[in-house]
Amino acid sequence: MRIVKITEKERNNILQNLLKRSPGQYEKYEEKVKKILEDIRERKDEALFEYTEKYDKAKINAGNIKVTSEEIEEAYTKADPKLVEIIRKSIANIYDYHKKQVRYSWFDSKPDGTILGQKVTPLSRVGVYVPGGKAAYPSSVLMNIVPAKVAGVDEVIMVTPPGPDGKVYPMTLIAANEAGADSIYKAGGAQAIGALAYGTESIKKVDKITGPGNIFVALAKKAVYGHASIDSIAGPSEILIIADETANPRYVAADLLSQAEHDEMASAILITTSEELAKRVSDEVDGFAKELSRSGIIKKSLEAYGYILIAGDMEEAVATANEIASEHLEIITKNPFDIMTKIRNAGAIFLGEYSSEPLGDYFAGPNHVLPTNGTAKFFSPLSVDDFIKKTSIISYSREALEKVHTDIEDFAESEQLTAHANSIAVRFEK
């Protein structure tokens with residue numbers, strides 16, 4: 001891996017390079033996505049089936065687009081029972097973590113007859129997108145469906161691309177069934193996002209779409225926002241590790257590669273105050289890269305978006321980490337909790353040498369759907385909050401309104417909104 005000393009110029013160059021990975025940089029695909037979405041909106045199922053055959057090589061129709069209970073039962077016969085049990089343990093951890101995020105309606109009443117409050121309502125119907133393609137991700141199934149169920153969503157619809165045989169990867173089906181999906185449809189790509197956003201004869205329109213996908217899925221989610229809500233526009237995976245001289249270089253190297261293997265645009269960055277650690281981590285990375293199954297992807301990822309940055313001190317390391325605002329941030333230092341208090345921007349923070357990033361991907365419980373491409377500066381992980389909506393409640397008695405009515409009227413008049421003022425004033429006409 002390249003080893004670079006941090007300077008203001010170097011930091012800006014790295015930030016600009018990382019931003020090239022943003023879905024917002026791929027306008028050349030937007031027209032293609034737009035045409036697919038328009039086609040789905042107009043021709044519905046007919047267009048959906050045509051695109052599924054074109055891109056997934058599967059013959060899907062109204063009779064087989066929905067996954068049946070028999071197909072789910074068949075998936076269990078093909079699965080390793082041990083892996084099914086692991087999925088169940090993971091679901092329990094995810095459920096317990098997200099249960100603590102649940103919000104409740106509240107009301108605040110005062111003696112003067114004022115009642116203010118907030119009504120919390122789960123979304124009625126949510127669509128979850130699950131990728132196929134280069135890899136299947138049953139873990140993402142759990143991370144999207146479980147918080148929706150905890151929030152109390154009435155109906156969770158999952159879409160995922162089928163294989164050429166018209167079937168869905170067995171572990172994806174099992175994960176969806178165990179997590180509580182209400183229905184599963186064989187559809188992928190921008191066309192599946194269109195089906196969820198607009199509705200077709202087979203797939204109902206949803207209120208919100210969540211879940212990761214390729215660039216076409218990301219751009220489709222961006223395009224349909226407004227017809228349905230979305231969780232975020234996810235970019236390629238990324239990890240940043242802050243480490244000092246106490247870190248184990250083998251652990252650090254292994255953790256960097258855990259994200260570099262996702263795809264050629266994944267980012268893996270180490271920031272350290274130790275030049276000795278930097279050199280040893282680079283050597284360990286070279287060794288691992290020769291052995292791992294996705295070494296081709298890893299090498300391309302590291303060549304384009306991999307860095308080992310040498311910081312003058314821990315303060316500079318923290319400042320650089322906050323500027324990059326990584327999806328995953330590991331802190332492997334003498335006192336990781338102290339460093340953690342200084343971090344403002346990160347999707348998820350992993351503390352100590354035994355809190356490797358894959359722990360969060362699969363098992364610990366916090367959500368692994370996280371903000372990418374610097375959006376951790378203003379976005380949060382997927383949570384129960386993403387599956388509810390809040391409604392304000394206002395109730396005033398005559399006595400309570402009488403005390404403030406002239407203030408409201410004056411405020412409205414100052415904005416030249418006389419009808420606003422009048423709607424208050426008429427209640428106190430003599």
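Residues: numbered from 1 along the sequence shown.
Checked by atom type, the side-chain pair Tyr76/Asn177 shows a donor-acceptor distance below 3.5 Å. Side chains of Ser140 and His368: a donor-acceptor N/O pair is present below 3.5 angstrom, by distance only. A donor-acceptor pair shorter than 3.5 Å cannot be found between the side chains of Thr273 and Asp244. Counted by atom type alone, Ser301 and Glu264 present zero donor-acceptor pairs between their side chains at under 3.5 Å.
Judged by distance alone, the side chain of Asn61 and the main-chain N or O of Asn64 form a donor-acceptor pair under 3.5 Å. Not a single donor-acceptor pair under 3.5 Å links the side chain of Ser282 to the backbone N or O of Lys279. A donor-acceptor pair under 3.5 Å is absent between the side-chain atoms of Thr52 and the main chain of Ala187, judged by distance alone. Checking side-chain atoms of Glu178 against main-chain N and O of Ile87 turns up no donor-acceptor pair under 3.5 Å. For Asn322 (side chain) and Ile343 (main-chain N/O), no donor-acceptor pair under 3.5 Å exists by modelled atom type. Between the Tyr104 side chain and the Lys119 main chain, no donor and acceptor come within less than 3.5 Å of each other. Gln191 places a side-chain N or O within donor-acceptor distance of the main-chain N or O of Gly188, the cut-off being under 3.5 Å. The backbone N or O of Gly306 sits less than 3.5 Å from a side-chain atom of Arg2, completing a donor-acceptor pair. Side-chain N or O atoms of Lys300 include none that pairs as donor or acceptor with a backbone N or O of Met265 at under 3.5 Å. No side-chain donor-acceptor contact under 3.5 Å links Glu53 to the backbone of Lys59.
Heavy atoms of other residues, nucleotides or ligands lying less than 6.0 angstrom from CZ of Arg11 number more than 12. The environment of NZ in Lys5 is sparse: at most 12 heavy-atom neighbours from other residues, nucleotides or ligands sit within 6.0 Å. Around the CZ atom of Phe107, the shell of radius 6.0 Å holds more than 12 heavy atoms that belong to other residues, nucleotides or ligands. With a 6.0 Å radius and a threshold of 12 heavy atoms from other residues, nucleotides or ligands, Phe337 has its CZ atom at or below the threshold. Other residues, nucleotides and ligands place no more than 12 heavy atoms under 6.0 Å from the CD atom of Gln416. For Lys44, the NZ atom counts as densely surrounded, since its 6.0 Å shell holds more than 12 non-hydrogen atoms of other residues, nucleotides or ligands.
Using cut-offs of 30° and 60° for the angle between ring planes, the Tyr198 and His227 rings count as perpendicular.
Closest non-hydrogen pair, Ala175 versus Leu142, comes out as O-CD2, 3.6 Å. For the residue pair Ala176 and Met158, the shortest heavy atom distance occurs at CB-SD, 3.6 Å. Nearest heavy-atom pair across Val84 and Ala79 is CG2-CB, 4.0 Å.
The shortest distance between side-chain heavy atoms of Lys221 and Ile233 falls below 4.5 Å. In this structure the side chain of Met340 never reaches within 4.5 angstrom of the side chain of Leu329, judged on heavy atoms. Between Ser356 and Tyr251 the shortest side-chain heavy-atom distance does not fall below 4.5 Å. Counting heavy atoms from C-beta outward, Glu10 and Ile6 have side chains that stay 4.5 Å or more apart. Side-chain atoms of Thr114 and Leu116, non-hydrogen and from C-beta on, do get closer than 4.5 Å to each other. Counting heavy atoms from C-beta outward, Ile271 and Ile241 have side chains that stay 4.5 Å or more apart. Using a 4.5 Å heavy-atom threshold, the side chains of Ile310 and Val4 count as separate. Looking at heavy atoms from C-beta onward, Phe378 lies out of side-chain contact with Pro371 at the 4.5 angstrom threshold.
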Does the side-chain contact (heavy atoms from CB on, under 4.5 Å) test come out yes or no for His328 and Ser237, once each step is laid out? CA-CA 8 Å; His328 306 102; Ser237 190; 3.8 Å; yes
Begin from the C-alpha positions of Asp338 and Lys342 and carry the test salt bridge (Lys or Arg N to Asp or Glu O under 4.0 Å) through to its verdict. CA-CA 7 Å; Asp338 178 58; Lys342 299 167 186 173; 3.5 Å; yes
So Leu123 and Ile388, side-chain contact (heavy atoms from CB on, under 4.5 Å) or not? Walk me through it. CA-CA 5 Å; Leu123 301 182; Ile388 62 169; 6.0 Å; no
Verdict with supporting geometry, Tyr307 and Asn17, side-chain hydrogen bond (donor to acceptor under 3.5 Å, both in side chains): CA-CA 11 Å; Tyr307 299 91; Asn17 189 37; 2.7 Å; yes
Gln259 vs Glu238, side-chain hydrogen bond (donor to acceptor under 3.5 Å, both in side chains): CA-CA, chis, key distance, verdict: CA-CA 6 Å; Gln259 296 309 292; Glu238 53 199 33; over 6 Å; no
Determine whether Glu71 and Lys186 satisfy the following criterion, salt bridge (Lys or Arg N to Asp or Glu O under 4.0 Å), listing intermediate values before the conclusion. CA-CA 12 Å; Glu71 287 176 292; Lys186 302 167 187 174; 2.7 Å; yes
Kindly determine whether Glu284 and Arg280 satisfy salt bridge (Lys or Arg N to Asp or Glu O under 4.0 Å), including the steps that lead there. CA-CA 6 Å; Glu284 291 285 357; Arg280 292 179 65 187; over 6 Å; no
Applying side-chain hydrogen bond (donor to acceptor under 3.5 Å, both in side chains), run through Glu327 and Thr372 and close with a yes or a no. CA-CA 5 Å; Glu327 176 188 19; Thr372 57; over 6 Å; no
Can Ile86 and Tyr362 be said to form a side-chain contact (heavy atoms from CB on, under 4.5 Å), step by step? CA-CA 10 Å; Ile86 291 170; Tyr362 296 110; over 6 Å; no
What verdict does the side-chain contact (heavy atoms from CB on, under 4.5 Å) test give for Glu38 and Arg41, after you've listed the backbone C-alpha separation in whole Å, the side-chain angles of each residue and the deciding distance to 0.1 Å? CA-CA 5 Å; Glu38 287 175 351; Arg41 194 173 187 179; 5.6 Å; no
Apply side-chain hydrogen bond (donor to acceptor under 3.5 Å, both in side chains) to residues Asp361 and Ser139 and explain how you reach the verdict. CA-CA 7 Å; Asp361 272 353; Ser139 57; over 6 Å; no
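The distance from the CD1 atom of Ile308 to the CG atom of Leu277 is 8.0 Å, given to the nearest 0.5 Å.
A salt bridge does not link Lys299 with Glu303: none of the charged nitrogens is closer than 4.0 Å to a carboxylate oxygen. The pair Arg250-Asp255 does not meet the salt-bridge criterion, since no charged nitrogen lies less than 4.0 angstrom from a carboxylate oxygen. A salt bridge links Glu323 with Lys377; the closest basic N to acidic carboxylate O contact falls under 4.0 Å.
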Validation: residues 206-219 side-chain donor-acceptor distances under 3.5 Å, sequence neighbours left out:
{"residue": "Asp207", "atom": "OD2", "partner": "Ser124", "partner atom": "N", "Å": "3.3"}
{"residue": "Asp207", "atom": "OD2", "partner": "Arg125", "partner atom": "N", "Å": "3.0"}
{"residue": "Lys208", "atom": "NZ", "partner": "Asp386", "partner atom": "O", "Å": "2.8"}
{"residue": "Lys208", "atom": "NZ", "partner": "Asp386", "partner atom": "OD1", "Å": "3.4"}
{"residue": "Thr210", "atom": "OG1", "partner": "Asn144", "partner atom": "OD1", "Å": "2.8"}
{"residue": "Asn214", "atom": "OD1", "partner": "Phe216", "partner atom": "N", "Å": "3.0"}
{"residue": "Asn214", "atom": "OD1", "partner": "Val217", "partner atom": "N", "Å": "3.0"}

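Screening Ile239, Ile3, Val252 for a side-chain contact (heavy atoms from CB on, under 4.5 Å) involving Leu270 leaves a single residue, Val252.
For the salt bridge (Lys or Arg N to Asp or Glu O under 4.0 Å) test, no residue two or more places apart in sequence or in another chain qualifies with Arg344.
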